[in-house]
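In each ligand, atom 1 is the first atom listed, and ligand 1 is the first ligand listed.
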Amino acid sequence: MRNDVEKVLIDEAVIGRRLDTLAERIEADFPGETLVVIVLLKGAMVFASDLLRRVERKLEIECLNVASYHGGMESSGKVDFLDRHFPEVNGRHVLLLDDILDTGRTLHAVSERLLEEGAKAVRTAVLLAKEKARAAHVEADYVGFEIGDEFVVGYGLDYQGKYRNLPYVGVLKEEAI
Ligand code: IMP
Ligand code: MG
């Protein structure tokens, strides 16, 4: 697996230190609220598990399965909700977690849905944000790292379902794609 990686973009220790800062900001920004955290599967699960264990605040964790990439490298432009049940968010403060902000369609579609379901407020956190124009008007409230517009894997992010378990964020060699 590691042989397929061209370069490490953000290593484990750097990610960990950044998560300390994000967790502190999240704690300070939601005083006294019991938060509902919505984790977008599967990409955000590694980010969520490392980030949320640093947050000292009562919270509930819910997961949502949405599909936008369908395993390839191009955004399909459409966001599908794959779960039968939607988490109960009516009147609640919600923190939405995703792995990466790319076109913005996923965060936009899910934020809208959460508000439709009655969420009091929705804030968003992403590990990575690509520096590019977004198709949907959305920016995240908490961003781990800004990266260039290139395809990355690791720390939850996949290429065709693989490489999510790399402990760092990296770029694949051309021959691995
Ligand atoms: P958006 O809706 O275009 O912002 O796309 C967000 C989703 O696309 C993320 O949750 C990822 O699953 C996927 N994605 C976007 N860029 C990358 C990448 O560089 N590597 C792996 N997945 C990506
Ligand atoms: Mg994904």
- Query: Nearest 0.5 Å, what's the CZ-CG distance between R57 and L52?
  - Reply: 12.5 Å
- Test item: D141 and D29 side chains (from C-beta on) under 4.5 Å apart, heavy atoms: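 No - every pair of side-chain heavy atoms lies 4.5 Å or more apart.
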Could a heavy atom of [X] be found less than 4.0 Å from some atom of ligand 1?
| X | result |
| --- | --- |
| G104 | yes |
| V153 | no |
| H108 | no |
| V66 | no |

- Query: Quick one: is the NZ or CZ of R113 closer than 6.0 Å to the six-membered ring centre of F86, and within 45° of its axis?
  - Reply: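 Pair R113/F86 counts as cation-pi.
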Select one of side chain, backbone, both or neither to describe which atoms of [X] lie under 4.0 Å from any atom of ligand 1, heavy atoms only.
| X | result |
| --- | --- |
| L107 | neither |
| D102 | both |
| D98 | side chain |
| E150 | backbone |

- Item | Stepwise side chain to side chain contact (heavy atoms under 4.5 Å, CB included) test for L157 and Y163 | CA-CA 7 Å; L157 291 110; Y163 306 105; over 6 Å; no
- Task: State, without any angle test, whether D50 and Y155 hold a side-chain donor-acceptor pair at a distance under 3.5 Å.
- Result: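 D50 vs Y155: donor-acceptor pair found between side chains.
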Close-contact set for ligand 1 against [X] heavy atoms, below 4.0 Å:
| X | result |
| --- | --- |
| T106 | 1 (P), 2 (O), 5 (O), 6 (C) |
| K130 | 16 (N), 17 (C), 18 (C), 19 (O) |
| T103 | 1 (P), 2 (O), 3 (O), 4 (O) |

- Are the side chain of K173 and the backbone of N3 linked by a donor-acceptor contact shorter than 3.5 Å? yes
- Message: If you apply the rule side chain to side chain contact (heavy atoms under 4.5 Å, CB included), what do you find for N165 with M1, and how did you get there?
- Response: CA-CA 10 Å; N165 55 321; M1 178 175 65; 3.4 Å; yes
